[in-house]
There are 2 protein chains.
Amino acid sequence: MPAPGTSLRRSRDDVADMALRLLDEQGLPALTMRHLATALGVQPSALYWHFPNKQALLASVSERILAPMGEEPLGGMPMHEAVRTVGARMRECLLAHRDASELVSSSLALGLVSSPVRAKLLDVARLRGVPASLAEVAAEAVMHFVVGFTFHEQQRLAAGQLGLLEEPVSSSVEGARADSPGGDDFTEALTMIAHGLEVSIAQYRNHHR
Amino acid sequence: MPAPGTSLRRSRDDVADMALRLLDEQGLPALTMRHLATALGVQPSALYWHFPNKQALLASVSERILAPMGEEPLGGMPMHEAVRTVGARMRECLLAHRDASELVSSSLALGLVSSPVRAKLLDVARLRGVPASLAEVAAEAVMHFVVGFTFHEQQRLAAGQLGLLEEPVSSSVEGARADSPGGDDFTEALTMIAHGLEVSIAQYRNHHR
DNA sequence: ACCTGAACACCGTTCAAGT
DNA sequence: ACCTGAACACCGTTCAAGT
């Protein structure tokens, strides 16, 4: 349990930081306004000066979780490779924090956070002369697949941590590489979507030549 | 508001039926054990004789929502057509009930309900000599995409019903056909996944000839 | 077998009032 | 500008006891 906040007043960022810490240490069900207030050494009502409601707080935690997506250098990557890279990177972001995919899934559905996959794929598409509409469709397929798959995956992790399974649970991102169950399925599904995008691009070019 | 239950004792099915009705009429946030009990003319604690907890209740509602998937005749459909058909059908199931995708999304993630897409696609794959592993991967991509996309879509519907948008909101399944925003993106993304599956099948056959 | 009554241990949010 | 105190209107779940 985190120690109560040390000093007098805290910023919006302090609140979001502590929320992410609470998420990592105790999971989404424990991320309540009341627990968060206690962890900050403050009354629950104080949080409503910094955020209008809990969903807004959760959205700002979602943004922190997805922030590393912004640093990914996609350069002049071919489209199909960009699809796989950006999908894998998003999965890493989600697996890096407990219950992150459930949280991000709802922030995305509520439209309180914008898709980092979309921005990335649109960039690459522009550089390579691929129609934006195709990139948008691929981005939607990739994003929903990654979030849904990882949600399911993270749920299994949580069940394992509760002692229902005996496999060693690696909580770090390393688990996302090879040994995690379903890891291969994840990569293969992403490859499938990448293939599908290439076919759509080819069809588009044939039709507009 | 539904009238209190008429007679003496109710079955597990009665409870699930009323829960689905409550979901349709008032949405997921109003589907509480206490509201449900009131609608049935019963004390909240009575529900725990029929279901061990709320998640189990919600899982059984999810099964009802997905039940129409079982009736879809896929016959000797080619694989890529099966992907599109089963995806579109699942979306119809989800759009047929208020907040259904959010509910089903969590039941699926918790592993309390099995993917209807998986069973369907494995059937078709067997009939057409497509390796089951490829069908499984495609099923995962399709299912997560459909649930995620429809979740997002249904959230927009809910926002529209709350008066934030001015477009006419068709709550029936008709809206899923053509006029709903994003309907084209949905079909195109499914087509993309179908294409990708065909490429993977071709590669597999090349490699194993 | 099916349900009541009463309690336990919580939630998010609002708002006047303080400093 | 930032927070307290106190309240409002809720939750899911348990469990002895009733019929």
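Order of the sequence lines fixes the chain letters, A, B, ..., with proteins taken first and strands second; residue numbering starts at 1 for each chain. Values below: every heavy atom of this structure, side chains too, minus hydrogens, waters and symmetry copies.
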* To do: Report yes if some heavy atom in the side chain of A:T32 is under 4.5 Å from a heavy atom in the side chain of A:L36; otherwise report no.
  => no
| Distance check: side-chain N/O of A:R10 vs OP1/OP2 of D:dC3, anything under 4.0 Å? | yes
Quick note, A:H35 side chain, CB onward, closest among C:dC11, C:dC2, C:dT4 is C:dC11
Counting the atoms with a prime plus P, OP1 and OP2 as sugar-phosphate, which does A:S45 contact under 4.0 Å by heavy atoms, base, sugar-phosphate, or nothing? base
Mate of C:dT14 across any strand shown (Watson-Crick or G-U wobble, both atom pairs under 3.5 Å) is D:dA6
Q. Does a donor on one side chain sit under 3.5 Å from an acceptor on the other, for A:S62 and A:S107?
A. yes
To the nearest angstrom, the CE-P distance between A:M33 and D:dC11 comes to 19 Å
Assign each of B:Q43 and A:L31 the nucleotide of DNA chain C bearing its closest heavy atom; nearer the 5' end lies the nucleotide of B:Q43
Check whether the ring centres of B:F145 and A:F145 lie less than 6.0 Å apart, and answer yes or no.
no
Atom CZ of A:F51 and atom C1' of D:dC3 are separated, to the nearest Å, by 16 Å
Taking a pair to mean Watson-Crick or G-U wobble geometry with both distances below 3.5 Å, D:dT19 pairs with C:dA1
Closest to the side chain of B:W49, out of C:dT14, C:dC2, D:dT13, is C:dC2
**Q.** A:H50 vs D:dC3: side-chain N/O to OP1/OP2 distance below 4.0 Å
**A.** yes
The nucleotide from C:dT4, D:dT4, D:dT13 with an atom nearest the side chain of A:A46 is D:dT4
Separation of C:dT14 atom C1' from A:L47 atom CG, nearest Å, is 14 Å
Using atom P of each nucleotide, how far apart are D:dA9 and C:dC10 to the nearest Å?
22 Å
Rounded to whole Å, the CZ-C1' distance (B:R34 to D:dA9) equals 11 Å
Taking C-beta and beyond as the side chain, do B:P131 and B:L134 meet within less than 4.5 Å on heavy atoms? yes
Tested for side chain to side chain contact (heavy atoms under 4.5 Å, CB included) against B:V15, the lone hit among B:V42, B:L20, B:L47 is B:L47
To the nearest angstrom, the OH-P distance between A:Y48 and D:dA7 comes to 19 Å
Which of C:dA1, D:dT4, D:dT13 is nearest the side chain of A:V42? It is D:dT4
